[in-house]
Amino acid sequence: MKNILRDIKTAMKLTSEIRKARKAGASVPQIRPVYKVPLVDHMPAWRNTIESGLTWELGRDTDRAVMGVFNGLPYEVQRRLEFPPDEPMAWAARARFWQQELRPVLPSKTYHAVMALFANWYAHCLRMRKEAQM
């Protein structure tokens, strides 16, 4: 009950102050709602990257191997990989990054299959962005 009375008292006080300000010729203050948005800082995850869905096509072992490479990367690099590149040349840099990280870890045939999937997907993403800008 005290909260309701306090709210009514506050509303009456604000209304009185607004009326006084309006009579004095001042601009009327605006009341805007303020929303609290919780920020969740999560640990980066392989499943949050654009590449994660591609490796399933090559089998569970390949997916786990690439996921292991991702999990071995520094935190900052993992966070960056969770977001798609903004510029066209950044897609090429991302492909070069995966080349450097995957070549020493994966067998040759698997490495080439993974990189072909990634390159094909990056090209698809670039085409879609280009079409969206037209």
Side-chain angles (χ1 to χ4, degrees):
M1 188 70 168
K2 286 185 180 181
N3 288 338
I4 294 173
L5 294 175
R6 190 179 318 136
D7 291 346
I8 292 171
K9 184 177 177 183
T10 303
M12 289 173 55
K13 185 177 177 183
L14 284 173
T15 303
S16 171
E17 289 177 13
I18 290 172
R19 286 182 180 164
K20 285 179 187 174
R22 194 180 299 149
K23 284 181 184 177
S27 61
V28 179
Q30 296 181 358
I31 300 173
R32 292 185 222 138
V34 176
Y35 300 100
K36 291 182 180 180
V37 179
L39 177 64
V40 178
D41 189 22
H42 70 284
M43 288 299 295
W46 169 244
R47 297 287 170 231
N48 294 339
T49 67
I50 59 173
E51 293 88 2
S52 68
L54 303 173
T55 55
W56 272 102
E57 289 182 33
L58 301 174
R60 179 176 235 141
D61 292 337
T62 302
D63 185 57
R64 286 188 178 168
V66 178
M67 186 187 324
V69 171
F70 175 83
N71 291 335
L73 296 171
Y75 174 83
E76 295 80 20
V77 175
Q78 289 180 359
R79 289 290 289 173
R80 266 187 268 129
L81 289 172
E82 287 186 315
F83 301 96
D86 292 333
E87 303 165 5
M89 292 310 294
W91 289 91
R94 190 168 179 138
R96 280 191 300 278
F97 167 81
W98 280 116
Q99 282 179 324
Q100 293 171 356
E101 295 297 322
L102 296 177
R103 187 178 299 239
V105 178
L106 298 177
S108 180
K109 193 173 186 177
T110 306
Y111 162 76
H112 289 292
V114 169
M115 287 312 301
L117 277 174
F118 286 2
N120 188 26
W121 183 250
Y122 296 161
H124 169 76
C125 292
L126 283 170
R127 281 191 303 273
M128 296 305 288
R129 281 192 177 186
K130 188 175 180 180
E131 288 176 13
Q133 290 176 353
M134 292 180 145

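- Arg80 is linked by a side-chain hydrogen bond (donor to acceptor under 3.5 Å, both in side chains) to nothing, counting only residues two or more places apart in sequence or in another chain.
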Test side-chain contact (heavy atoms from CB on, under 4.5 Å) applied to Ile18 and Arg22, step by step: CA-CA 6 Å; Ile18 290 172; Arg22 194 180 299 149; 3.7 Å; yes
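- Taking CZ of Arg6 as the reference point, atom CG of Asn3 lies at 5.0 Å (rounded to 0.5 Å).
- Looking at every heavy atom in both residues, Pro85 comes nearest to Arg129 through O-NH1, 2.7 Å.
- In terms of the side chain to side chain contact (heavy atoms under 4.5 Å, CB included) criterion, residue partners of Asn48 (sequence neighbours excluded) are, by chain and number, His42, Ala45, Glu82.
- What you find for Leu106 and Ala65 is that their closest heavy atoms are CD2-CB, 3.5 Å.
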Extract all donor-acceptor atom pairs below 3.5 Å that involve side chains of residues 89-101 and protein atoms in other chains or at least two apart in sequence.
from: Arg94; atom 1: NE; to: Glu51; atom 2: OE2; distance (Å): 2.6
from: Arg94; atom 1: NH1; to: Phe83; atom 2: O; distance (Å): 2.8
from: Arg94; atom 1: NH2; to: Glu51; atom 2: OE1; distance (Å): 3.1
from: Arg94; atom 1: NH2; to: Glu51; atom 2: OE2; distance (Å): 3.2
from: Arg94; atom 1: NH2; to: Leu81; atom 2: O; distance (Å): 2.6
from: Trp98; atom 1: NE1; to: Glu51; atom 2: OE2; distance (Å): 3.4

Listing, residues 52-60 side-chain donor-acceptor contacts under 3.5 Å, not counting sequence neighbours, or none:
from: Ser52; atom 1: OG; to: Thr49; atom 2: O; distance (Å): 3.1
from: Thr55; atom 1: OG1; to: Ser52; atom 2: O; distance (Å): 3.2
from: Thr55; atom 1: OG1; to: Asp63; atom 2: OD1; distance (Å): 2.3

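- Interatomic distance, Thr62 OG1 to Tyr111 OH, rounded to the nearest 0.5 Å: 14.5 Å.
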Go through it in stages, so that I can follow the logic: the residues are Thr110 and Leu102, the test is side-chain contact (heavy atoms from CB on, under 4.5 Å), and I'd like the CA-CA distance, side-chain angles, deciding distance and then a yes or no. CA-CA 10 Å; Thr110 306; Leu102 296 177; over 6 Å; no
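- Partners of Met12 under the side chain to side chain contact (heavy atoms under 4.5 Å, CB included) rule, at least two apart in sequence or in another chain, are Ile8.
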As a quick check of understanding, evaluate side-chain contact (heavy atoms from CB on, under 4.5 Å) for Thr10 and Lys13, giving each step before the final call. CA-CA 5 Å; Thr10 303; Lys13 185 177 177 183; 5.7 Å; no
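- Under the side-chain hydrogen bond (donor to acceptor under 3.5 Å, both in side chains) criterion, Asn120 pairs with no residue, sequence neighbours left out.
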